[in-house]
Peer 1: 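First, the structure itself, so that you have it in front of you.
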Number of protein chains: 2
Amino acid sequence: MSVSRPGSSLNEIATLLGVSSATVSNALAGKGRVSAELADKIRATAASLGYTPSMTGRALRTGRTQVLGLVLPNIANPLFPQIAQAIEQAASKAGYGVLIADSHGDIAAQTAAINRLIERSVDGIVVVPRRGTRVADIGRPVAVIDSPSTPGNTVSADHWQGGQAVVDHLAELGHRSFLLIGNNPDSNVQNDRIGGMKSRLPANGRAEVLWIENHEKNKGKGAPLGLKDKVAEGFTAFCAVSDLHALRALTELQGAGIAVPEQVSVTGFDDLVFSSVITPSLTTVRMDMGTIAEIAIAALSRAIETETKALPEQLRTTSGTLVTAEQKSVPMALVVRQTSGRRALTPQKMDLLPEGEHR
Amino acid sequence: MSVSRPGSSLNEIATLLGVSSATVSNALAGKGRVSAELADKIRATAASLGYTPSMTGRALRTGRTQVLGLVLPNIANPLFPQIAQAIEQAASKAGYGVLIADSHGDIAAQTAAINRLIERSVDGIVVVPRRGTRVADIGRPVAVIDSPSTPGNTVSADHWQGGQAVVDHLAELGHRSFLLIGNNPDSNVQNDRIGGMKSRLPANGRAEVLWIENHEKNKGKGAPLGLKDKVAEGFTAFCAVSDLHALRALTELQGAGIAVPEQVSVTGFDDLVFSSVITPSLTTVRMDMGTIAEIAIAALSRAIETETKALPEQLRTTSGTLVTAEQKSVPMALVVRQTSGRRALTPQKMDLLPEGEHR
DNA sequence: CCAGATTGCTTAATCGATTAATCAACAAGG
DNA sequence: CCTTGTTGATTAATCGATTAAGCAATCTGG
C-alpha cells in the first residue's frame, strides 16, 4: 500500500502518457469518451504513481468539499464519544470528512461555531443543539439530532418510548412508586424521557420528578439528593434520565446503606461507558447511535446532492436548511443489568431495618 | 453580525469598485502596495458584503488547508471528550479546523485513518496513539500525545509525577499497603503512572499491581476483582490508573460492605466527568489538557510554517515528521476529594468487624 | 531639467480538477 | 461522392485567491 505521494496530479499523469489532463480526468471518473485501452493504461499509471485526487482542486471547481461539520453543545458531554464515533463512521462511509466544533455550552458560541464551519465551506452540518436552542438559518443543509418533539428535528432516538420501556420493566417487577430524576426541565430530550416514563405508570402507581438543577440551586452544587428520605417515603424505583445521574443516585443510596437492587431499583439512560463496569451494573436504555447517525448522514447527503443539482443559475435561495428524514425516530433498547430487581415485600418499612442487610 | 454570504468573492469586490482583484487581495492581506484610502474603501465594502475568503481557493494556491487531523485510538474512550475539546479549542485559536478520525481500536485502522486525513490534505496531524503503536512516517508534521517515555512523543502529561502525587498523598495519610490497579501492561501511560506510584512507596510500604486484562482473561470479563480479599490481606489504598477502574473498585468495595474512605482509600486518574458527582466523590489526578493541547498545536504550527517556508523547490524530503516541543511534559494536579482518608487504626483486622459499620 | 527611485495599481500565471465546446478522423447511408 | 453520425481525443474556461512581474505616473536629487 503506497502512501499518497503529494507529487502527482492529473497533469503529471497526462504529460507522462502524452495525453491531455481532461482525458485523464474522464478516464478516472468513467465519464466522457475514452477508449477502453487508454482508460486502462491511465488507471494503471495512476495507481502506480499512487495518485490521489486533490480534494482542494476538486472542491474549488465543484463547490463541494466533501466535509461535514459536527456541532455539539458541549464536547465534554459524556455522550459525546458515542455521537462523534457514530457520525464519523457514517460520514466516512458516505465519503465525507467530519470537522468538529464545540459550541462550548452557550448559545452565542453555537452560532459562532456554525459560522466557523461555514467559513471552511462545509457541505452540510450535523447539529446536536443545546437545549432549547433553535438552529439559525444558514445557507447549507443542516441535520438536527435532538428529540422527536423538537421542531426541526431530523432524526433522533425515541426517548419517549425509552422511558416507557423503563417503567414497563420496573412495573413488571412490582414497583409502584417512581422517583424520576432529571437535570433540567428545559431539555426536550429529558422531558420526552420523563414523559414516556409517566405515561406508563401502573394503575395504582405514583411518580414524582426531582430536577437536579433546581435542587442544587437551593441546596448548593453537589449537595446530596436526599434519597434516603425518599426511600422512607416509599419510593422503590429511582429512574434517572441519564446514567450519570443514575450513578449519582446509586452511590448516594449505597452510601446510605440502602441495598440496590434488593431494597430499591435504579435505572439510567444512554449506557455510558462506566455503566457496565460498576457493581451492581446499571440497568439502562441505549440508543442506536449507529442507525441514527446513518439516517442523519443519508438525509444530509441527499439534501446536498439535490441542492447542487438544482443550482444551475436558478434562484439563489438561501437554500435547503433543516433536513428531514423518513424515519424520524429510532427505537431505544432496554439493557437490563443488576440495578433493577423485584420490589421488596415491605418497601415502606425497609429503611427501619438494620443497615448492611444486603448481599 | 451578517452571516457569510456565499455570493462574494475577491473578484466581485474588485469589479464593484472598478479595481483589480489583485489589489483587493493585497488590501485585505495588508501586503503589496495599496494606497491607504483605497485600502480603507476595499475593507469597507468587503465588510458590508460580508466577504469571507474562500478557504478552498486559498488552499489550492498556498497548499495549506488550515485544517489539522485528530487521530484517536478509540473515540469511545472516556477521556476523549477532554482531549477533543482541548485540541479543538487550541487549534481554533491558532486558525485551524479539526478533522476527526477514529482509529477504531486496531492498528491497521489507525494507518487507514491517517491516510484518509492525508487525502483530505490536512496540514498536520495530532495523534494519540494506540498503546504500543509507532506512528508511521507520513509526509506531514505529526504531534504525538502519549507519554514522556514514548519515543517520538511531542508533549503529554507527566504521568510519572502524577503517580508520585497520589502515593505521596496517601502515604501522608498513613497508608502503607497499596494495591495498584491497571488495565493493560502494554500501555506506556499506565506504566508511567504505576512506575511513579511505586517510586514513592514509603520505607515500610508494599505495593502489588493488579492488571485487569489479565485478571479478566482468567476469571471472565466483568468478573469481580476480589478486592474484599485484598482488604483482608491488609491493603488499605487502592490506586487505579483511571477513574473508570477506580469507580469499578469503589463500587465493588461498597457492595462488599467496606467503607470508603473510613476503611480503605480509593484513587483514580483523569478526573472523568462522573468523578465529582458520585458519593463519595473520587480523589483523582487531573491533567492539564488545555496546556498540553496548546503546546502540541504550537509545535505543530511551527513545523508547518517552517515546512512551507523551506520548500522553495528544495530537496523534496518526506519532510518533517515527528514534531517536538520544548516542554515535553506537563505536570498533573492532584484533586483531593472524599475517597481518600486517613488510614484506619487497625486495618489488618478491619475485615473481621461486622459489616455496615461505616458512616 | 532629467535619470532614477518610488508609489499605486494591473496583468497574468498558478494551484488541480472538472466540463462544455470543439475538432479531426473515420464509418455508414443516401 | 457527399452528407451525416460516431468515436476519441484536445482546447480552453472556470472555480477563488495569491503573487511575481510589469507598467504608468509621480517624486527626488544632483
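Basis for what follows: all heavy atoms, side chains included, without hydrogens, waters or symmetry-related copies. Numbered from 1 within each chain, the chains take letters A, B, ... in sequence-line order. Values in this document were obtained by computation on a predicted structure and should not be read as measured data.
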Peer 1: Does A:L10 reach the side chain of A:L28, with side-chain heavy atoms less than 4.5 Å apart?
Peer 2: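 A:L10 vs A:L28: side chains touch.
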
Peer 1: Atom CZ of B:R61 and atom C1' of C:dA13: how far apart are they, to the nearest Å?
Peer 2: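 From B:R61 CZ to C:dA13 C1': 8 Å.
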
Peer 1: Atom CG of B:N11 and atom P of C:dT10: how far apart are they, to the nearest Å?
Peer 2: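 Taking CG of B:N11 and P of C:dT10, I get 12 Å after rounding.
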
Peer 1: Do B:D123 and B:T65 get their side chains close enough for a donor-acceptor pair, meaning under 3.5 Å?
Peer 2: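 Yes - a donor-acceptor pair under 3.5 Å links their side chains.
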
Peer 1: Using atom CE of B:M55 as one end and atom C1' of C:dC15 as the other, report the distance to the nearest whole Å.
Peer 2: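 So the CE-C1' distance, B:M55 to C:dC15, works out to 17 Å.
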
Peer 1: Let's test your reading of the model: under 3.5 Å, does the base of C:dT18 pair with the side chain of A:R58 as donor and acceptor?
Peer 2: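 A donor-acceptor contact between them is absent.
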
Peer 1: Which ones in residues 31-39 of chain A lie close to DNA chain D, meaning a heavy atom under 4.0 Å from one of its atoms?
Peer 2: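 Correct list: A:R33, A:V34, A:S35, A:L38.
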
Peer 1: Could you give the CD1-to-P distance, from B:I13 to C:dC9, as a whole number of Å?
Peer 2: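 It is 16 Å, rounded to the nearest whole Å.
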
Peer 1: Within this structure, what is the CG-to-P distance between B:L28 and D:dT18, rounded to whole angstrom?
Peer 2: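 Taking atom P of D:dT18 as the reference, CG of B:L28 is at 8 Å.
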
Peer 1: Just one of B:I42, B:L16, B:N11 clears the side chain to side chain contact (heavy atoms under 4.5 Å, CB included) bar with B:V24, so which one?
Peer 2: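 Single pass found, and it is B:I42.
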
Peer 1: Going from NZ on A:K328 to CD1 on A:I295, what distance comes out if it is rounded to the nearest 0.5 angstrom?
Peer 2: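 Going from NZ on A:K328 over to CD1 on A:I295, the span is 11.5 Å.
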
Peer 1: With a 4.0 Å cut-off, would you call B:R116 and A:E88 a salt bridge?
Peer 2: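 A salt bridge links B:R116 with A:E88.
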
Peer 1: Between the side chains of A:T150 and A:N188, is a donor N or O closer than 3.5 angstrom to an acceptor N or O?
Peer 2: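 Indeed, the side chains of A:T150 and A:N188 share at least one donor-acceptor pair under 3.5 Å.
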
Peer 1: With the side chain of B:T62 defined as its heavy atoms from C-beta on, choose the nearest nucleotide among C:dT18, C:dA17, D:dT18.
Peer 2: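 Looking only at side-chain atoms, B:T62 lies closest to D:dT18.
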
Peer 1: Taking atom P of D:dC15 as reference, at what distance in whole Å does atom CG of A:L10 sit?
Peer 2: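 Result: 19 Å.
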
Peer 1: Output the rounded distance in Å from CZ (B:R64) to P (D:dA17).
Peer 2: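 So the two atoms are 17 Å apart, to the nearest Å.
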
Peer 1: Answer whether the closest heavy-atom distance between the side chains of B:V98 and B:V67 falls below 4.5 Å.
Peer 2: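 SC-SC contact between B:V98 and B:V67 ruled out.
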
Peer 1: Short of 4.0 Å, heavy atom to strand atom, which residues of residues 15-26 of chain B count as contacting DNA chain C?
Peer 2: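 B:G18, B:V19, B:S20, B:A22, B:T23, in order of number.
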
Peer 1: What are the two closest non-hydrogen atoms of A:I297 and A:A94, and how far apart are they?
Peer 2: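 For A:I297 versus A:A94, the nearest heavy atoms are CG2-CB, 3.9 Å.
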
Peer 1: Just checking, any donor-acceptor pair under 3.5 angstrom between side chains of B:S20 and B:T23?
Peer 2: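 B:S20 vs B:T23: donor-acceptor pair found between side chains.
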
Peer 1: Using whole Å, report how far CG of A:L60 lies from P of D:dA13.
Peer 2: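 Taking CG of A:L60 and P of D:dA13, I get 17 Å after rounding.
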
